[in-house]
Number of protein chains: 2
Amino acid sequence: MAKALKTEQTTNEPVTLDKTDLSILRLLQQNARMTVKEIADKVHLSTTPVHERIKWLERSGVIKQYAALIDHAKVKKGLMVICYVSLKEHSRNAGTKFIKHINELPEVIECYNISGEFDFMLKVVAENMDDYYNFHVNKLSQSENIGNVQSVFVMGVLKHTQVMV
Amino acid sequence: MAKALKTEQTTNEPVTLDKTDLSILRLLQQNARMTVKEIADKVHLSTTPVHERIKWLERSGVIKQYAALIDHAKVKKGLMVICYVSLKEHSRNAGTKFIKHINELPEVIECYNISGEFDFMLKVVAENMDDYYNFHVNKLSQSENIGNVQSVFVMGVLKHTQVMV
DNA sequence: GGACAGTAAAGAATAAAATCCTGTTTGTAC
DNA sequence: GTACAAACAGGATTTTATTCTTTACTGTCC
């Protein structure tokens, strides 16, 4: 049980994954509830090595989380908006404050620092247009450092997968 | 066990969730491996009702998937790019072909139909700039119907949560 | 008020899965 | 060939999920 003994902790270094690791990852990305036995059958191994590999993938930080994915529309968050934001002031402190603000807004489910005209790209979910307008005017724009904001509305989700390896 | 008897199948209708359902959802969005017992303790119920509620959330389609989330950088997919695409021709058939193409490209992990200047927004992961360039030139642009393509590079992930309710 | 139906939950029994332990196989260095 | 380590199989043990049975609560009809 070599991998089990590696004390590889969460650093930012990429790790080396063999064919079996990748097969296991692909299966778990699609269904995190798949049992070790089921995975073992699919990768043609017994449960022990599969279990050890999964634990190693968790310890090494390759698998960073197991999450239940929710149907937006079912929970009355049918509107998705991509929202671009530029700041007026770009000091370290101003940026930190903005990020803190974003993290307190539950409507914002993703936020990226991006290249180009705007500073940030946000993925926002809301119940409907009124709800989004309220978020825009009363929450997002409350930060005094917000410059421009531009909204792009998502009209349809064509692909949304977790599988990337 | 009222909810257990509801034969609510996956439609697009929003469903009604009470406080307890929302608490359970919040926990599972953060950690899909949390045991029924742990959840039960946190929501101050026994395992039975919690188990039944979870099963109902699955059957009704509120929980659409359990997924292992991967650290991009760890699996050598450190570069994330937001990619805008407009098509030359907008017929139903041309759109369908594009979507089919997108679904065959593993680098594209998300694809949205959007409002505004471009038709689609793609989230793409690649190993590095060369890898992305190769994707852009040899894969994405191979569709004969591609008009404009614009790439925005993600310089940092500031927030990425599954929790939306 | 009291019987009744419907709903929600607790507690215990059972089934299934994860986890751990022991030993075997395989490849490699000496 | 022998020693050693990595990777694995099979089975024992522990933990968890699932099911079953019983109890408690709520509102309605008579």
Side-chain angles (χ1 to χ4, degrees), chain A residues 1-9 13-70 75 165, chain B residues 1-10 13-70 74-75 165:
Chain A
M1 68 174 87
K3 289 194 168 179
L5 292 178
K6 284 191 198 172
T7 34
E8 188 130 20
Q9 287 307 318
E13 300 306 312
V15 296
T16 303
L17 304 169
D18 66 14
K19 280 245 164 223
T20 305
D21 291 324
L22 291 173
S23 297
I24 293 171
L25 274 181
R26 261 187 286 272
L27 292 168
L28 285 175
Q29 283 178 110
Q30 292 171 265
N31 179 12
R33 286 283 176 98
M34 189 172 281
T35 67
V36 175
K37 180 74 172 66
E38 286 174 305
I39 296 170
D41 289 346
K42 284 178 192 289
V43 302
H44 306 297
L45 284 175
S46 71
T47 61
T48 310
V50 171
H51 181 255
E52 281 174 358
R53 280 166 185 267
I54 293 171
K55 288 297 152 193
W56 179 81
L57 288 167
E58 293 170 0
R59 272 201 317 282
S60 64
V62 173
I63 295 174
K64 56 179 180 183
Q65 189 187 354
Y66 293 100
L69 305 185
I70 304 302
V75 294
V165 289
Chain B
M1 72 177 81
K3 289 195 169 178
L5 292 179
K6 283 192 199 171
T7 34
E8 188 131 20
Q9 288 307 317
T10 305
E13 300 306 311
V15 296
T16 304
L17 304 169
D18 66 14
K19 279 245 165 223
T20 306
D21 291 324
L22 291 173
S23 297
I24 293 172
L25 273 181
R26 261 187 285 271
L27 292 168
L28 285 175
Q29 283 177 109
Q30 293 170 265
N31 178 12
R33 285 283 176 98
M34 190 173 279
T35 68
V36 175
K37 181 74 171 68
E38 286 175 305
I39 296 169
D41 289 347
K42 285 179 191 289
V43 302
H44 307 297
L45 284 175
S46 70
T47 60
T48 311
V50 171
H51 181 256
E52 280 175 0
R53 280 165 185 268
I54 292 171
K55 288 297 151 192
W56 179 80
L57 289 167
E58 293 171 0
R59 272 200 318 281
S60 64
V62 173
I63 294 175
K64 56 180 181 183
Q65 190 188 352
Y66 293 101
L69 305 185
I70 304 302
K74 281 279 169 62
V75 294
V165 289

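Keep in mind that the numbers below use all heavy atoms, side chains included, and drop hydrogens, waters and symmetry copies. Order of the sequence lines sets the chain letters (A, B, ...), proteins ahead of strands, with each chain counted from 1.
- One interatomic measurement links the two molecules: CZ of A/Arg59 to C1' of C/dT19, which rounds to 14 Å at whole-angstrom precision.
- Within the model, atoms CZ of B/Arg26 and CD1 of B/Ile39 stand 13.0 Å from one another, a figure rounded to the nearest 0.5 Å.
- With respect to B/Val43, the side-chain contact (heavy atoms from CB on, under 4.5 Å) criterion is satisfied by exactly one of B/Ile24, B/Leu22, B/Asp21: B/Ile24.
- Crowding of B/Lys37 atom NZ: a count of heavy atoms from other residues, nucleotides or ligands under 6.0 Å not exceeding 12.
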Should A/Val165 and A/Gln29 be marked as a side-chain contact (heavy atoms from CB on, under 4.5 Å) after you check the CA-CA gap, both sets of side-chain angles, and the distance that decides it? CA-CA 9 Å; A/Val165 289; A/Gln29 283 178 110; 3.7 Å; yes
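- Taking atom NZ of A/Lys19 as the reference point, atom P of D/dA7 lies 18 Å away to the nearest angstrom.
- Computed from coordinates, the A/Arg53 CZ to D/dA6 P distance equals 14 Å when rounded to whole Å.
- Taking only distance into account, the side chain of A/Thr48 meets the base of D/dG10 through a donor-acceptor pair shorter than 3.5 Å.
- At whole-Å resolution of the value, CG in B/Leu45 and P in C/dT7 are 18 Å apart.
- One can place CG of B/Asp41 at 13 Å from C1' of C/dA10, the figure rounded to the nearest angstrom.
- As a whole-Å value, the separation of A/His44 NE2 from D/dA9 C1' is 16 Å.
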Dump the intermediate steps for side-chain contact (heavy atoms from CB on, under 4.5 Å) on B/Arg53 and B/Asp18, then the final yes or no. CA-CA 11 Å; B/Arg53 280 165 185 268; B/Asp18 66 14; 3.0 Å; yes
Where do N or O atoms of nucleotides 14-18 of chain C meet protein N or O atoms at under 3.5 Å, pair by pair?
| residue | atom | partner | partner atom | Å |
| --- | --- | --- | --- | --- |
| C/dA18 | OP1 | A/Val36 | N | 3.2 |
| C/dA18 | OP2 | A/Val36 | N | 3.0 |

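- The CD1 atom of B/Ile54 sits 9 Å away from the P atom of D/dT18 (whole-angstrom rounding).
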